[in-house]
Each structure stands twice: as structure tokens, then as C-alpha cells.
Engineer: 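Structure in C-alpha cells, see below.
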Amino acid sequence: MMGFQQLDGVRRVLIASANPLFGRGLERLIRQQWQGRRFEIRVVGTMEETLALLESWLPDLVILDYDDRSLDRKRFMDLFVSGNRAMQVMLVSLQESGSVVVYDRRVLTPSQAEDWLSLSEPSGFQSPSSGKEQSFSMKHFAIAGSIVVVLTLATNYLLNTIQILPLQASVQAQPIDRLFSLQFMLIAFFFSLIVVFMGYSLIVFRQRAKDESEEGAYIKGSTGLEVVWTIIPIGIVIYLSYLGSLALAETRRVDPQAVEVKVVAGQWFWRFEYPQYGITSDTLYLPVNRQAHLRLTSLDVIHSFWVPEFRVKQDALPGENLERELRVTPTMVGQFKVRCAELCGTSHAYMESPVVVVSQADFETWISEQLQAIGADPATRGAKWAQTNGCLSCHSVDGSPGVGPTWKGLYGLTDHELADGSRVVVDEEYLRTAIVNPNAQVVKGYPANVMPANYQALLSDQQINDIIEYIKTLR
Ligand code: HEC
Ligand SMILES: [Cu+2]
């Protein structure tokens, strides 16, 4: 950029405007301002004259009327840019208000215009020297850009290593943690982008001692930029919500072999019921690597079931019809804690219960220990299992008809007729097969595929034996 010093050397000034008032007014201003200096001024009114003088007269400074459409500025610029002479150009607009607007949109009062004539320089204008300027700003972009990259990587590394997230101990935690790590990366990037550009500008472009120069260019709006910074965030948000819905679907995937647990919340305790076993516990025991299907309900206010290591969380609502479900597949043997994540009264903070994840074998041991505690003889327990596992909603024990055949008088039949016409003896073996594989022997007169076929997974061997003992008593 040519500075004030070079303005000192100005000898020939060419003013181009079809408006004679513009030319004369400006000429007067310059003559006042540059009193005592040697210079020439010429005012021309047409494009042709301007171009002719540019070639023959070789002006040092050209002032163009910004508002004069008859001056083909583009043609002029081409000539100017391709020429190799040092020449300054100013685009100037005289407003009705009496102020002067220089092409870079600075607005000056007439008195300031005088300052401008003596002090300022055309800046930001396409001039032969602007190549240097451009590589100068590219250099800043390159430096700031590299700092952004480094800071993004560092911040992301930090976010991933300071263990913001607790241990990952369930299958459902995996898609959630993948979302978290994506979020961390985005957070690290945008944090760096904003902080680096702001900090870099504050430091590198600060006003230095003795720097008296004017403020920077006045920039008003940028449609392109605004479109870009609207579209990109919208795109990111839509993409994240897409990933979020995928993750949500993954956390709700159903495993038919799941352990059923009814979770009852109250002020201020948790109770866990295992309807398949008829067990109630204040500790949540779960077998590892097997899905637990938690059905949550509350006895009083809203509570929320949350084991941070499992990530997923669900409210427990009061009301018969407001049962909520949650699926958790623990992947780690160990002790965790369920907390209430919904402010539920004075002891909310202490509403914690142990969660114990054990191997499948240990889980069964725990179940049979609990069952022994229940005691009783096998048939009595069997009656209980038949009740708690829903068998009795289809089977009666008093001979009355139901969805399935009654159990009364079933055991010991010697010519029990099946749908395929064969006749069988009803012994323990037959009953066991009828329970664990109901479609293998369909009873005549009853539909196949109605009785659930997954009792082998839902019930322990012990329980199936108990139920058989119970059916044997119904003679
Ligand atoms: C949704 C209804 C339904 C439920 C629940 C149900 N069953 Fe059945 N069950 C049937 C039907 C229908 C049949 C007859 C068709 C067949 O044999 O598959 C049947 C057949 C049987 C038979 C053979 C009966 C006979 O006359 O030979 C036994 C034993 C049996 N169920 C046990 C059970 C046990 C134990 C449970 C609970 C753990 C249970 N069922 C739960 C519908 C049900
Ligand atoms: Cu609570």
C-alpha cells in the first residue's frame, strides 16, 4: 500500500466525473489542502477522456466519482491493474448530506475529507501492491489454522483422558460413549476455532504504542458467510440427531432371553422383584452378559433409575399404567450403585442401592439361596412360580377351560391325544417338554404357537421341576 509519504510526491491529479460539481468541488478542496505544493489537477467528464489522459498524461493520483455510472470502472480497473506504473486510485462519493464516502465505506464529514486528502491512503483497494497484502493475510490464516488444529487435538486428547465418563459397564453404554467421543471432538474443534482466532487477533493485531492509525475497515454484513454459518451448524445438528436416534434404538434393542426385574422406587428406597423367581431383594443382582429387562414403577413421587456405569437412565413414575422400561446388559462383573436421578425429597441424595453384577453361575446360586430362604416344599413353590410367571392366566387348575388346557387331572393320563393324532402318556418327561418346547407336542383342540416358547431361558431348572411337582399334585 502506498502511504502518505508517497502522496507527498504527487504531481498530477486526475479527477474523473460526469458531474462538473463533483470535479470542481474536489479540485477546490485539494487546492486549499495542498497549498504551497507543486501539482497539477485535471478534471475530465467522460470515460474516453479519462483513458486518453491515463496514457498520455500519466497521472500519479486518479480520483473517480463513485456514483457516476457513465464511467466504466471495470474497464478502468483492468487497465489500471495491468499497467505497471505506480498510480493511486481513489473511489469517492459525495453525498447530499455534504459528507464524503470513500469506496471502503468510511464516511467523512467535509472537514474530515480534508484530513483524508492530506493523511489517509486508499486501503483495501485492488491495487498492484495488494498481492503482498493477500499473502500477508494468508500467512495469518495459515498460522491461526495450524494453532486451531493443534489445540483441537490437545483439547480432544484431554477430554478423552481426564475420565469425564465413568467406567463403561454395559452394552447400552457403547453407542452412548461413541456419541460422547464425537461430541468431545466437536467441542474441542469449535472451542479451538473461536478461542484461537479471538486470541490471535487480540495479540497480533493489537494497537501498538505510537500507532495512531484509524480504525479498521467498516464491514457490514456478508450474505455468503451468513449462509455458510447457518447451513453448516444445521447440517451438524441434523446429523447428530440422526446418530442420536440410531444410538437410542440400539439401547432399546430387545433380547427375548432377558432377566425380568420389576424395579419399585419409593421415598427413599429401591426394591427389586424377580417375577420369574418370586424373589424380592433390596440389592439388584444381575447376571453378566445377559440383558436385564427392568420395568420401573414408583409408589409415591417421580424417581429415576440411574447406574452411571450403565449410562442409560429412566424415570420411575407412580401409577399402574405408567410403567417404564429400561434394558441393560452388564458387561462387567462387579459392584455398582443405583442412584435416584430425580429430586424426590429430603433424602433424595441417599437414595442409593447396591447393584451386583455376577456370573451366570453365581446368579443361579444367588437365586437358589433366595429360594431356600423362601423354603416350603417343591409343589408349593411350583404353585408360586406358575402364579408369578403368568402360567395361570392361560391354564386353570380346577378343570375350567382357558386359552390352554387345564392342568387338573393332567398328570398320569395314559392316552392323552395330541393334534397329530398320536396318544401319549403324561409323565414328568412329557410335562418338561410341554413347558420348554411347547410346539413339539401340541395338545389336540388347542392352537400351536400361543404358549410362549422361551420358558427354558426364563425359568431355572429348579423352578421347572417345582412346577412339575405342582402339576403332579392336581389329580
Ligand atoms: C399365553 C397362554 C399360555 C401361557 C402363558 C402358558 N401356556 Fe401352557 N399352553 C398354552 C396352550 C395354548 C397350550 C396347548 C397347546 C400346546 O400344547 O402347545 C399349552 C400347553 C401346556 C402344557 C401341556 C398341557 C397338556 O394338556 O398337555 C403344559 C404342561 C403347559 N402348557 C405348561 C405351562 C406352564 C408351566 C406355563 C408357565 C410357565 C404355561 N404353560 C404358560 C398356553 C399357555
Ligand atoms: Cu428418588
Side-chain angles (χ1 to χ4, degrees), residues 260 263-271 275-278 296-306 313-318 337-353 379 381-397 399 401-420 422-474:
E260 299 285 334
V263 177
V264 181
Q267 281 170 322
W268 288 273
F269 63 89
W270 295 100
R271 194 172 74 218
Q276 293 157 319
Y277 306 104
L296 299 109
T297 179
S298 164
L299 300 177
D300 35 54
V301 298
I302 300 176
H303 300 273
S304 180
F305 178 95
W306 186 38
K313 184 195 282 181
Q314 182 63 269
D315 279 358
L317 309 175
K337 242 183 212 168
V338 52
R339 295 146 211 274
C340 180
E342 184 74 62
L343 189 59
C344 59
T346 48
S347 294
H348 159 71
Y350 307 103
M351 191 168 153
E352 295 180 339
S353 283
R381 285 202 305 259
K384 186 171 179 177
W385 307 149
Q387 175 67 50
T388 51
N389 286 284
C391 314
L392 300 186
S393 60
C394 293
H395 296 284
S396 78
V397 293
V403 178
T406 183
W407 286 347
K408 188 172 166 67
L410 175 61
Y411 183 75
L413 289 178
T414 51
D415 60 347
H416 193 44
E417 197 175 356
L418 300 184
D420 62 7
S422 61
R423 286 168 187 274
V424 293
V425 176
V426 177
D427 53 11
E428 286 184 14
E429 208 38 57
Y430 169 82
L431 289 177
R432 183 179 309 280
T433 312
I435 294 170
V436 303
N437 193 4
N439 294 321
Q441 310 157 309
V442 178
V443 183
K444 186 178 162 99
Y446 290 91
N449 296 317
V450 168
M451 174 158 156
N454 59 344
Y455 283 122
Q456 178 141 51
L458 297 181
L459 301 176
S460 66
D461 281 351
Q462 172 76 66
Q463 287 178 299
I464 293 176
N465 288 337
D466 290 349
I467 291 176
I468 292 172
E469 287 308 315
Y470 172 56
I471 294 176
K472 277 161 76 173
T473 64
L474 303 168

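Remember, it's 1-based here, ligands and their atoms both numbered in the order they're listed. Hydrogens, waters and symmetry mates are skipped; everything else that's a heavy atom, side chains included, is used.
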Engineer: Does at least one non-hydrogen atom of Ala386 fall below 4.0 angstrom from an atom of ligand 1?
Structural biologist: no
Engineer: Between ligand 1 and Trp385, can you find any atom pair, the residue atom being a heavy atom, that is separated by under 4.0 Å?
Structural biologist: no
Engineer: Show which atoms of ligand 1 fall inside a sub-4.0 Å distance from at least one heavy-atom site of Val403.
Structural biologist: 12 (C)
Engineer: With a 6.0 Å cut-off on the ring centroids, do Trp270 and Phe305 count as close?
Structural biologist: yes
Engineer: Can you name the atoms of ligand 1, numbered from 1 with element, that are less than 4.0 Å from a heavy atom of Tyr446?
Structural biologist: 14 (C), 15 (C)
Engineer: Which atom, among the N/O/S set of His303, is closest to the Cu ion (ligand 2)?
Structural biologist: ND1
Engineer: Tell me the protein heavy atom at minimum distance from atom 3 (C) of ligand 1, and give that distance in Å.
Structural biologist: Cys394 SG, 2.7 Å
Engineer: So, do Val424 and Leu413 sit near enough that their side-chain heavy atoms are less than 4.5 Å apart?
Structural biologist: no
Engineer: Is it true that a side-chain atom of Gln441 and a backbone atom of Thr433 form a donor plus acceptor pair closer than 3.5 Å?
Structural biologist: no
Engineer: Of all the atoms in ligand 1, which lie at a distance below 4.0 Å from a heavy atom belonging to Ile435?
Structural biologist: 32 (C), 35 (C)
Engineer: I'd like to know if the side chain of Ser298 reaches the main chain of Leu317, judged simply by a donor and an acceptor atom lying under 3.5 Å from each other, with no hydrogens or angles considered.
Structural biologist: no
Engineer: Within the 4.5 Å heavy-atom criterion, are Ile464 and Arg432 side-chain neighbours or not?
Structural biologist: yes
Engineer: To the nearest 0.5 angstrom, please state how far the CD1 atom of Ile471 sits from the OH atom of Tyr430.
Structural biologist: 10.0 Å
Engineer: Checking Gln463 side chain against Gln276 main chain: does a donor-acceptor pair fall under 3.5 Å?
Structural biologist: yes
Engineer: Would a 4.5 Å heavy-atom cut-off, applied to side chains only, mark Val442 and Leu418 as touching?
Structural biologist: no
Engineer: So does Cys391 have any N/O/S atom less than 2.8 Å away from atom 8 (Fe) of ligand 1?
Structural biologist: no
Engineer: Does the side chain of Val425 come within less than 4.5 Å of His416's, by heavy atoms?
Structural biologist: no
Engineer: Evaluate the side-chain proximity of Val403 to Tyr446: yes if any heavy-atom separation is below 4.5 Å, no if none is.
Structural biologist: no
Engineer: Quick test: of every protein heavy atom, which one is nearest to atom 26 (O) of ligand 1, and how far off is it to 0.1 Å?
Structural biologist: His416 NE2, 3.2 Å
Engineer: Just going by heavy-atom distances, which of Pro405, Ala440, Gly404 is nearest to atom 14 (C) of ligand 1?
Structural biologist: Pro405
Engineer: Looking only at non-hydrogen atoms, which of Ala448, Gly445, Pro438 approaches atom 18 (O) of ligand 1 most closely?
Structural biologist: Pro438
Engineer: Return yes if some donor-acceptor pair links the side-chain N/O of Trp268 with the main-chain N/O of Cys344 below 3.5 Å, else return no.
Structural biologist: yes
Engineer: Could you say whether the N/O atoms of Tyr455 and ligand 1 ever approach to under 3.5 Å?
Structural biologist: no
Engineer: Using a 4.5 Å cut-off on heavy atoms from C-beta on, say whether the side chain of Ile302 contacts that of Pro318.
Structural biologist: yes
Engineer: If you take the nearest heavy atom of each of Gln276, Gln463, His395, which one is closest to atom 39 (C) of ligand 1?
Structural biologist: His395
Engineer: Which of the numbered atoms in ligand 1 are under 4.0 angstrom from any heavy atom belonging to Val443?
Structural biologist: 16 (C), 17 (O), 24 (C), 25 (C), 26 (O), 27 (O)
Engineer: Using a 4.0 Å heavy-atom threshold (strictly under), name the region of Leu410 that reaches ligand 1: side chain, backbone, both or neither.
Structural biologist: side chain
Engineer: Return the closest protein heavy atom for atom 23 (C) of ligand 1 as residue, atom name and distance.
Structural biologist: Ala434 CB, 3.7 Å
Engineer: Any heavy atom of Pro447 closer to ligand 1 than 4.0 angstrom?
Structural biologist: yes
Engineer: I need the atoms of ligand 1 closer than 4.0 Å to a non-hydrogen atom of Gln441, numbered in the order shown.
Structural biologist: 17 (O)
Engineer: Quick one: look up the protein heavy atom nearest atom 32 (C) of ligand 1 and list residue, atom name and how far away it is.
Structural biologist: Trp407 CZ2, 3.5 Å
Engineer: Can you tell which of His303, Met351, His348 makes a side chain to side chain contact (heavy atoms under 4.5 Å, CB included) with Gln267?
Structural biologist: His303
Engineer: Under a 4.0 Å heavy-atom limit, does Ile467 contact ligand 1 with its side chain, its backbone, both, or neither?
Structural biologist: side chain
Engineer: Check whether Asp466 reaches the backbone of Arg381 with its side chain - one donor and one acceptor, N or O, closer than 3.5 Å.
Structural biologist: no
Engineer: Could you say whether the N/O atoms of Tyr430 and ligand 1 ever approach to under 3.5 Å?
Structural biologist: yes
Engineer: What protein heavy atom is closest to atom 42 (C) of ligand 1, reported as residue, atom name and distance in Å?
Structural biologist: Met451 CB, 3.5 Å
Engineer: Within rounding of 10°, what is the angle whose vertex is the Cu ion (ligand 2) and whose arms end at SD of Met351 and SG of Cys344?
Structural biologist: 100°
